[in-house]
Amino acid sequence: MTTEASAAASGSAATDSFRSSKKLAALEVPQERVSSLAGKLIKAANDIVLEERVTYDEFNALKAWLIKVGDDGEWPLFLDVWLEHSVEDVATDHREGNKGSIEGPYYIPDSPEQKSPAAIEMREDEQGTPLLFQGQVRSTDGSPLSNAKIELWHADEEGFYSQFAPNIPDWNLRGSFIADEEGNFQISTMQPAPYQIPTDGACGQLIAAAGWHAWRPAHLHLKVSAPSHELLTAQLYFPGDPHNDDDIASAVKPELILDPKPVEDGVQVDYDFVLDPT
Ligand code: MBD
Ligand code: FE
C-alpha cells in the first residue's frame with residue numbers, strides 16, 4: 001500500500017463531509033437557546049474546575065488537546081462518539097416504532113440505488129463472511145410500506161469505510177435499496193468486523209491518556225425511509241461481540257442486536273423495521 005490510513009485524513013474527510021452536508025442549510029438556533037445552552041455548558045465546565053481543583057498544567061493540556069482536535073479534523077468524530085447518543089435519545093424518545101441509533105461521522109447521502117433483491121457494491125476480492133440481510137418495512141399499524149428505501153453503509157473487514165480511508169472504491173459497501181410492493185427487502189453484503197476509532201489522532205490521544213479503549217462492536221449503519229414516515233437512522237449489531245456492552249460510542253440497544261443464522265456460504269439475518277408516521 002502506498003498510502004496508509006491516518007486519523008488526520010479520515011478526520012478531514014469527515015469534517016469536509018459535514019461541512020458540505022444538508023444539515024447546515026438554513027440552520028438557525030434562536031438567541032435564547034444559544035444563551036441558555038452555552039451558558040449551561042460553560043457553567044458545567046467551571047463547576048468541574050472548582051470541584052476538582054483543576055491545575056494550570058491540566059488547563060493547558062486541555063487547551064493543547066482542543067487545538068489538536070481541530071487540527072486533526074476530529075470534531076465530527078469526537079462529538080459523534082461522545083455526545084450524539086444523547087441527542088439521538090432526545091430526538092426519538094416519542095417513537096412507537098423501531099429503536100434507532102446514531103448516524104456517526106461516515107454517512108454519505110445519495111449512494112447508488114438498486115431494486116431489492118440486490119448485492120451491495122464490493123471489490124472482487126472483498127474479504128469477510130457473506131451476509132444476507134432481509135426483512136420487511138412496516139408502519140406502526142402493521143401495514144407494509146411498499147417501495148421503502150433502505151440505505152446501508154458499513155466498514156470492511158479491516159474496519160475501514162469507503163471515502164474515509166485510502167484506496168477503496170468510492171461506493172464500496174454503500175448502497176440504497178428499494179423494497180418491493182410488500183415492503184420486503186433482501187440485500188447481500190459482507191459481515192463487518194469490530195471497529196476501532198482512529199488511534200493516531202486527538203481522540204486516540206485522549207483514549208490512551210485516560211486508559212480507555214477505542215472499540216465499537218461490529219455494526220451495520222442504516223437509514224430507512226418511506227413517504228409520510230419519520231426517517232429511521234439505526235445501527236444493527238451481532239450477538240456475542242465483546243464490545244456490545246462497552247461500545248465507546250454508547251450506541252448499542254438490545255433491540256438492535258441481530259439473530260444471525262448460519263447458511264451455506266455465510267450468515268443470514270432477518271430484521272423487520274417499523275416506522276412511525278409523521
Ligand atoms: C464509527 O464507525 C461510528 O459508527 C461512530 C459512531 C463513530 C466512529 C466511527
Ligand atoms: Fe460506524
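Read the numbers this way: they start at 1 and go in the same order the structure lists the ligands and their atoms.
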J.: Look at the side chain of His219 and the backbone N and O of Pro217, then say whether any donor-acceptor pair between them is shorter than 3.5 Å.
T.: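 Side chain of His219 to backbone of Pro217, a donor-acceptor pair under 3.5 Å: yes, one is there.
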J.: Hey, are Asp247 and Arg216 close enough for a salt bridge, meaning a charged N less than 4.0 Å from a carboxylate O?
T.: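 Answer for the salt bridge query: yes.
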J.: Within the stated cut-off of 2.8 Å, is an N/O/S atom of His221 closer than that to the Fe ion (ligand 2)?
T.: yes
J.: Between Gln127 (side chain only) and Asp125 (backbone N and O only), is there a donor and an acceptor less than 3.5 Å apart?
T.: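 Answer holds: yes.
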J.: Who are the ring pair (Phe, Tyr, Trp, His ring centres under 6.0 Å) partners of Phe238, not counting sequence neighbours?
T.: none
J.: Rounded to 10°, how big is the angle at the Fe ion (ligand 2) from Tyr161 OH to His219 NE2?
T.: 90°
J.: Whether Lys23 engages the ring of Phe18 as a cation-pi pair (distance to the six-membered ring centre under 6.0 angstrom, angle to the ring normal within 45°) should be assessed.
T.: no
J.: Not counting sequence neighbours, which residues clear ring pair (Phe, Tyr, Trp, His ring centres under 6.0 Å) with Phe78? List them please.
T.: Trp65, Trp75, Trp82
J.: Is Tyr195 close enough that one of its N/O/S atoms sits under 2.8 Å from the Fe ion (ligand 2)?
T.: no
J.: Students should find this: residues with any non-hydrogen atom under 4.0 Å from ligand 1. What is the answer?
T.: Leu77, Val81, Ile102, Gly104, Pro105, Tyr106, Tyr161, Tyr195, Ile197, Arg216, His219, His221
J.: Enumerate the residue pairs fulfilling salt bridge (charged side-chain N to carboxylate O under 4.0 Å, His left out) with a member in residues 78-88, sequence neighbours excluded, ordered by first and then second residue.
T.: Glu88-Lys253
